[in-house]
Amino acid sequence: MDPRHPAAVDPAAGDPADGEPTSDPAGGDPTVGDPAGGDPTAGDPAAGDSAGDECYSVGQDMFVLLQTLQMLWSNRELQQLKEEAWRGFAALDDPRARLLDLLDSGRGWRWKGPSLEAWVTCELQRWLQAQPPPGPSQGSLELKQLQARAVRVLTESPPSLVEPLVSIFQLQDTDRSPLLAHVNRLHQEGKFKEAVTLGTKLRLQPELDVEKMSTPLLLQDKVNLVERYVDGFPGLQRRLLALMDSWCQPGFDIRVVARQYPQVTSLRLEKLSPRVLARQVLRLRERYRLDPASCPNVVGRQHLAALRYLCYKRLVEGSMSQESWADHVRGLVGPSEWLQEQLLRLLASHSNVATFARCALDLSLPEERLPATVAAELSRLRLQERMAEVPLEDTKDRYYQLPIARENVHFLASWADLARHQEELLQPGQVVGVDLEWRPSFSAGDRPQASLMQVAVEGRVFLLDLPALSQPADGQAAQAFSRLVSQLLSDPSITKLGYGMAGDLKSLGASCPALAHVQKQLQGGLDLLQVHRQIRVANVPAPGVEGAREPRGLSLLVQQVLGKPLDKTQQLSNWDRRPLAEGQLLYAAADVYCLLEVYWALCREPARFRLSQDLARSPRPGHSQRSGAPGPPSPQEASAPAPQVPVATGGDAAPAVAARAFRVVCDNMLQGLARSLRCVGADVIVLGSGEDHRRAAEVARQEGRIILTSGLPYHKLRAQVGAGRCLWVDCSLKAPQQAKAVLRHFNVRVTHADIFSRCQACNCDQYLKVSKDLMRQLVRLSSRQEDPSSTGDETQSEDPQEPGSAPEVMPGGYTYDPPCRWLEMADLQASVPATLGNGTRLQLAGVPAGVLRRPGLKHFFCCEGCGKVFWEGSHLGRVTSQFHEVLDGAPGSHEPSPAPTPS
């Protein structure tokens with residue numbers, strides 16, 4: 001045994017040769033730092049050598065120091081331990097060399113667990129940084145020898161000691177060959193995370209293969225670790241993005257890559273699907289500010305998704321003009337042959353021969369790639385010189401029309417234009433409509449700039465050309481424009497109307513830096529979107545328009561109030577184009593002037609739309625419509641039936657359905673609605689994020705469920721399941737409002753007993769009741785299993801009572817007391833204490849320690865399906881109040897609910 005090792009030192013011997021203090025307690029020798037002598041540096045770890053003389057002589061041995069520290073380490077006296085260590089470091093002749101002696105002789109520190117040797121290493125790093133002692137100079141033979149020894153130690157160190165060793169021995173400046181060899185050896189052994197971590201801390205990334213180091217970590221969904229690896233190296237960032245983009249190319253199979261790394265056992269290939277991976281690539285491209293050309297495959301996939309959307313809008317919905325459609329499609333496809341092929345497939349699936357040929361003509365598609373019948377029709381069109389779109393039928397009678405003459409629509413593009421009409425725009429006491437238009441973006445992360453600002457006053461519309469009026473930022477026109485808009489929006493005497501006004505103002509601020517805080521300046525604003533939500537809850541019907549698709553948003557409001565919807569075919573046109581087409585100008589004017597006409601109609605007949613007499617009480621832009629703000633709903637609103645929805649139902653009222661018998665399947669955009677419906681006992685299945693909407697139809701047919709959807713596939717799904725079995729849900733409503741609309745629509749009978757009769761997380765309706773003492777025991781066992789050093793929750797088994805700590809009482813006097821079966825220890829698997837007999841693991845980590853000590857709380861509940869733990873709390877009362885208008889029967893008249901209040 002090494003005579004310097006702590007085990008070879010007799011602590012009772014007191015041999016000065018072994019480094020024990022030799023002071024005489026009665027002699028008062030000042031050289032030993034007698035505390036009674038008034039030495040001001042006693043006990044100060046930063047005092048250096050003068051403090052070290054208190055207990056140690058120069059030349060002190062590291063092993064004796066370690067023995068001295070062992071008792072303090074065992075007792076966890078950390079402050080005294082640090083002070084003793086720093087005094088000992090000051091007494092060492094060469095702290096770096098002595099540390100290597102210590103690490104070379106022991107093995108316990110080489111594992112991840114805590115050890116005194118590892119603590120000493122980290123503390124020595126801090127000591128050296130606080131007061132660097134004299135040492136070998138940079139490049140000296142002595143330092144190189146120490147670095148060579150340190151590299152050997154580092155190869156056996158846990159990750160937590162890599163940084164201290166690199167700092168203490170300046171390994172970033174040493175010969176990198178041994179370090180590179182060690183990193184590559186770790187990679188070959190399958191220790192991919194350790195290899196990347198070490199390479200990152202030693203800044204070895206430029207000398208390592210980024211594809212080789214990153215691939216196994218990406219297969220394990222450790223993207224964050226890879227991002228840290230390339231941080232600060234633009235070249236590596238581009239290569240990483242190119243690697244991830246190559247996995248998104250059409251026909252690529254990620255399993256081929258995975259087979260090259262058999263050491264990787266925890267594969268997360270579902271995280272590397274092209275859709276998920278493309279989102280990661282776009283996020284990294286934005287973070288690293290790289291050109292879109294660096295990820296051509298992902299950009300191609302984006303363009304394909306945009307093509308599908310545009311073809312649906314134009315060829316299925318017919319809600320887009322041919323001119324706007326062709327303009328966008330040409331920009332998306334460009335010279336890409338792959339995108340041209342995809343476009344041809346989309347045209348073949350969504351259109352007939354005549355439409356296909358007309359699109360091919362407008363887009364100048366190569367004739368040799370067209371089907372024979374389409375090519376023949378294209379030749380016929382050319383012969384007849386039908387170079388323009390076939391005129392559509394007159395739609396004036398079907399849609400809202402601008403009620404003012406064309407000469408009263410003014411396009412303002414200069415300082416002189418603003419000055420000429422400033423008085424009309426800023427007239428006090430008037431009502432103005434405000435709207436914005438911008439070129440639609442079909443790429444994630446792309447933030448288009450606002451192109452046009454529309455302002456309507458009675459009898460006139462002003463279209464402000466934002467690119468011309470905001471650039472340059474310090475120009476005369478830009479300053480005049482910012483000043484005018486600020487005055488308009490901040491004048492409380494001018495009522496500003498908008499629809500989704502907060503979003504418009506945010507876009508305006510992003511496009512014009514001088515108006516960045518315009519949202520906060522707004523006074524006298526009225527957002528008709530919030531008014532529209534009140535109208536929808538009040539179930540105001542919208543007159544039908546034969547042959548028109550169901551309107552949404554502002555178009556629906558205009559139809560409900562004025563009788564005809566807006567024609568939105570120009571909405572997705574290119575608003576950056578100059579000059580704007582005549583159709584764009586008329587659309588932009590109608591889109592903002594209709595706000596004035598809707599407002600006047602609502603003010604004339606508020607009772608018809610079940611609104612307050614004073615529209616000024618409606619929610620302001622930027623304020624959420626929650627209970628308590630800005631005022632309680634009227635009795636008419638509280639008792640209003642469900643809003644009209646596009647679903648085929650019979651003429652008679654639907655028969656009542658018990659909440660627990662109401663079975664639906666929601667698409668993945670309605671997660672919040674699903675949780676709200678489960679709150680009142682409905683049986684709800686939700687599609688996963690990667691599941692196709694057709695899966696909803698399969699589930700509905702197999703299990704007799706109703707489909708709830710908010711997306712474009714509504715018409716296809718309704719056709720597959722029949723009338724009355726598919727409902728389109730308005731996504732602009734909050735989840736509780738959506739839930740109440742659905743319940744009213746299907747005449748679902750909800751009782752107090754249904755509240756929380758299902759788990760919101762997994763839809764299970766089976767619970768177990770757990771006593772507080774058993775829950776404490778399970779939490780303690782779980783804590784010890786995860787952390788063997790934990791002592792658990794040392795609380796008493798007796799539950800002290802406090803005055804008034806009775807079970808929660810819901811509004812109306814309904815007492816919550818579910819008759820669940822009690823959980824017994826016999827119900828748990830013996831080998832895994834917190835696991836039910838069916839294999840469900842209880843989610844005990846979500847139980848706060850404070851809840852276990854809460855007076856008056858007698859029991860908990862656990863879901864048998866997912867193991868989520870619940871307890872009585874205020875959420876029960878909140879949900880009951882939230883759904884009070886749809887609850888059936890008097891409180892207490894039904895059996896108690898067999899489910900708890902979720903935490």
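Basis for what follows: all heavy atoms, side chains included, without hydrogens, waters or symmetry-related copies.
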Colleague: Nearest 0.5 Å, please: how far is CG in Leu69 from CD in Glu117?
Modeller: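 Separation between the atoms: 10.5 Å.
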Colleague: Measure the spacing between CD1 of Ile706 and CZ of Arg725 and express it to the nearest 0.5 Å.
Modeller: 4.5 Å
Colleague: Any donor-acceptor pair under 3.5 Å linking the side-chain atoms of Asp773 with those of Ser771?
Modeller: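 Short answer, no.
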Colleague: For atom CD of Gln882, is the number of surrounding heavy atoms from other residues, nucleotides or ligands below 6.0 Å larger than 12?
Modeller: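 Enclosed: over 12 neighbouring heavy atoms sit under 6.0 Å from CD of Gln882.
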Colleague: Before accepting this row, confirm whether a basic side-chain N of the pair Arg228/Asp231 lies closer than 4.0 Å to the acidic partner's carboxylate O.
Modeller: no
Colleague: Hey, which of Asp253, Val281, Leu218 is the one that makes side chain to side chain contact (heavy atoms under 4.5 Å, CB included) with Trp247?
Modeller: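 For Trp247, the side chain to side chain contact (heavy atoms under 4.5 Å, CB included) check succeeds only for Leu218.
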Colleague: So if I apply the side chain to side chain contact (heavy atoms under 4.5 Å, CB included) rule between Leu708 and each of Val684, Leu677, Leu717, Val686, which one comes out positive?
Modeller: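 Among Val684, Leu677, Leu717, Val686, the one that satisfies the side chain to side chain contact (heavy atoms under 4.5 Å, CB included) with Leu708 is Leu677.
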Colleague: Less than 4.5 Å apart, side chain to side chain, heavy atoms only: is that true for Val120 and Glu123?
Modeller: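 Side chain of Val120 against side chain of Glu123, heavy atoms only: no contact under 4.5 Å found.
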Colleague: Would you check if Glu864 and Tyr767 make a side-chain contact, meaning some heavy-atom pair closer than 4.5 Å?
Modeller: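 Sidechains of Tyr767 and Glu864: no contact.
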Colleague: With no hydrogens and no angle check, do the side chains of Asp754 and Thr751 hold a donor and an acceptor under 3.5 Å apart?
Modeller: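 Result is yes, a qualifying pair exists.
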Colleague: What residue among Arg678, Arg660, Arg705 forms salt bridge (charged side-chain N to carboxylate O under 4.0 Å, His left out) with Asp683?
Modeller: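 For Asp683, the salt bridge (charged side-chain N to carboxylate O under 4.0 Å, His left out) check succeeds only for Arg705.
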Colleague: Donor-acceptor check, side chain of Ser676 to backbone of Gly672, threshold 3.5 angstrom: yes or no?
Modeller: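 Yes: the side chain of Ser676 pairs with the backbone of Gly672.
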Colleague: Test of understanding: with salt bridge (charged side-chain N to carboxylate O under 4.0 Å, His left out), list the residues that count as partners of Asp827, not counting sequence neighbours.
Modeller: Arg821
Colleague: Scan side-chain atoms only and decide if Asp667 and Thr709 contain a donor-acceptor pair under the 3.5 Å cut-off.
Modeller: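 Looking only at side-chain atoms, Thr709 and Asp667 do form a donor-acceptor pair, the distance falling under 3.5 Å.
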Colleague: Would you say the rings of Phe870 and Phe860 are close, in the sense that their centroids are separated by under 6.0 Å?
Modeller: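 Not close enough - the centres of the two rings lie 6.0 Å or further apart.
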Colleague: Do Arg780 and Gln777 get their side chains close enough for a donor-acceptor pair, meaning under 3.5 Å?
Modeller: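 No, no side-chain donor-acceptor pair sits under 3.5 Å.
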